[in-house]
Structures are given as C-alpha cells and as structure tokens.
Amino acid sequence: MNYCYECGTKLIVRELENEGIIPYCTKCGAYRFPIYSTAVSMIVKNPSEDKILLIKQYGKPDYVLVAGYINKGESAENAVIREVKEEIGLDVKELKFNKSEYFKPTNTLMLNFSCIAESESLAALNTDEVDFAQWFSFDDAKINIKPDSLAQRFLFSVES
C-alpha cells in the first residue's frame, strides 16, 4: 500500500513499537495496516466421505472448489455454511479448518475448510452461480481440479 486509504496522501514507513515498520499517513497521523478481502474455499465431502464435490463457474472450463467471500460481520465458519447452501443447495453437517493462503491476484486471504454435506443431491444447484457440479473420488478430484491453482494446493494438502 503506497497511499492512505482515507485521504490519499503518500505513505511513509515508520517504526511502530511491537509491530515493526508500518506504513504511516502524516496527514491523518495514523498507521495504515494492510487491507485485503477474506474468503473461504471448501473441500465439500459427501456423507460417506469418499467423494469430493468440484464445480465449474463463470463459463470457465476448469473444476475448482466451492468458494466465496466472507460478509462483513460474518464468521468464516458461517460463510462456509452459507456459501455451500447458496451455491450447491446443500446443508453442512460438519466442518474443519484446513489452512490459509494469500491469493495475490485478487488481494484475498483464502481460508480453506473441509466440510461434510448432508447429502449428495445436486437438485438445488444454483445455476446463477455454478455452471456445473460433480462428485469425484479423491483420486479423480486430484486429477480433475484446475492445475497450478490455489484450489489444487488446498486439495492436495488434505488427506483423503
């Protein structure tokens, strides 16, 4: 960040006790910590936990994980439950945090979870948000997930 998000003044770097070197706005007299979006991505498992749901979105050919941004005031766990319900039409019965990774192209901190859906039914799929969804075995999901993607890194970091 080079400019103050409040007033637009060019930031300088300044030492802040117990924090290190932080961008500082001389006009506002305030330190400016980084701002970024926060989102969740989910490794959605079927009830018997032997399949993973992958989706295609926005006319793109690649399979990815279900994902979405966290709303202001919402917990990451609630965002997982909401996004799976909104996009896939499924309820989540269990969820577990896996790992996080910063995604520079969209300035987003991605929080990855594993969750178990209450069913495998795709009858309530939201076709305004998801073009196609399919259940895969763990091995097939690893073959079909978008190569060299954040989704692939998350999927490969979790044991089947």
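Computed from a prediction, not measured in an experiment: that's the story for all the values here.
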Evaluate whether atom NZ of Lys27 has more than 12 neighbouring non-hydrogen atoms of other residues, nucleotides or ligands under 6.0 angstrom away.
no

Are side-chain heavy atoms of Lys99 and Glu101 found at a separation under 4.5 Å?
yes

Residues Cys25 and Thr9: closest non-hydrogen pair is SG-CB, 4.0 Å

Value rounded to 0.5 Å, distance of OH in Tyr24 from SG in Cys28:
9.0 Å

Going hydrophobic residue to hydrophobic residue with side-chain gaps under 4.5 angstrom, can you get from Val84 over to Ile145?
no

Considering only NZ, NE, NH1 and NH2 on the basic side and carboxylate oxygens on the acidic side, decide whether Asp91 and Lys85 come within less than 4.0 Å.
yes

Reported CG-to-CG distance for the pair Leu109 and Leu111, which is rounded to 0.5 angstrom
5.0 Å

Side chain to side chain contact (heavy atoms under 4.5 Å, CB included) evaluation trace for Lys56 with Val64
CA-CA 6 Å; Lys56 292 183 179 185; Val64 295; over 6 Å; no

Tightest non-hydrogen contact, residues Asp62 and Pro147, listed as OD1-CD, 4.5 Å

Shared hydrophobic cluster for Phe132 and Leu65 (ILVMFWY, side-chain gaps under 4.5 Å)
yes

Nearest 0.5 Å, please: how far is SG in Cys115 from CD in Glu77?
12.0 Å

Rounded at 0.5 Å granularity, tell me how far CD1 in Ile70 sits from CZ in Arg82.
8.5 Å

How many angstroms lie between CD in Gln134 and CD1 in Ile55, if you round to the nearest 0.5 Å?
12.5 Å

Does Lys10, at its NZ atom, have more than 12 non-hydrogen atoms belonging to other residues, nucleotides or ligands within less than 6.0 Å?
yes

Ignoring hydrogens and angles, tell me if any N or O in the side chain of Ser119 forms a donor-acceptor pair with the backbone of Ser121 under 3.5 Å.
yes

Nearest heavy-atom pair of Asn112 and Phe97: which atoms, and what distance?
O-CD1, 3.6 Å

Does Glu74 reach the main-chain N or O of Asn71 with its side chain, forming a donor-acceptor pair under 3.5 Å?
yes

Residue pair Leu125 / Ile88, side-chain heavy-atom distance below 4.5 Å:
yes

Please round to the nearest 0.5 Å and tell me the distance separating atom NZ of Lys45 and atom OG of Ser114.
4.5 Å

Asn126 (side chain) donor-acceptor with Glu86 (main chain) under 3.5 angstrom
yes

Keeping the roles fixed (side chain from Gln57, backbone from Glu129), state whether a donor-acceptor pair exists under 3.5 Å.
yes

Test item: Trp135 and Leu54 side chains (from C-beta on) under 4.5 Å apart, heavy atoms:
no

If you take all heavy atoms of Ser37 and Tyr69, which pair is closest and at what distance?
CB-CE2, 3.6 Å

Closest non-hydrogen atoms of Arg14 and Tyr31, given as atom of the first, atom of the second and distance, are CD-OH, 3.4 Å

Between Leu95 and Phe138, is there shared hydrophobic-cluster membership here, with clusters defined by ILVMFWY side-chain heavy atoms closer than 4.5 Å?
no

Looking at Leu53, is its backbone amide N or carbonyl O close enough to the side chain of Asn46 to form a donor-acceptor pair, meaning the two atoms are under 3.5 Å apart?
no

Begin with the C-alpha distance, continue with both residues' side-chain angles, and end with the deciding distance and a verdict on side chain to side chain contact (heavy atoms under 4.5 Å, CB included) for Leu11 and Asn2.
CA-CA 6 Å; Leu11 298 171; Asn2 295 319; over 6 Å; no

Evaluate whether atom NZ of Lys146 has more than 12 neighbouring non-hydrogen atoms of other residues, nucleotides or ligands under 6.0 angstrom away.
no

Nearest heavy-atom pair of Lys60 and Asp131: which atoms, and what distance?
N-OD2, 4.3 Å

So is Arg32 actually on top of Tyr5's ring, under 6.0 Å and inside 45° of the axis?
yes

Tell me if a side-chain donor or acceptor on Asp140 pairs with a main-chain N or O of Phe136 at a distance below 3.5 Å.
no

Cluster link Leu155 to Val66, ILVMFWY, side chain under 4.5 Å:
no

In sequence, state the C-alpha distance, the side-chain angles, and the governing distance for Met1 and Phe33, and then conclude on side chain to side chain contact (heavy atoms under 4.5 Å, CB included).
CA-CA 9 Å; Met1 176 171 24; Phe33 290 87; 6.0 Å; no

After noting the C-alpha distance and the side-chain angles of Asp139 and Ser137, does the key distance pass the side chain to side chain donor-acceptor pair (under 3.5 Å) rule?
CA-CA 5 Å; Asp139 290 338; Ser137 69; 5.5 Å; no

What's the verdict on side chain to side chain contact (heavy atoms under 4.5 Å, CB included) for Glu118 and Val92, showing C-alpha distance, side-chain angles and the deciding distance?
CA-CA 6 Å; Glu118 288 194 347; Val92 169; over 6 Å; no

Please check if Val40 and Val44 belong to a single hydrophobic cluster, counting links between Ile, Leu, Val, Met, Phe, Trp and Tyr side chain heavy atoms closer than 4.5 Å.
yes

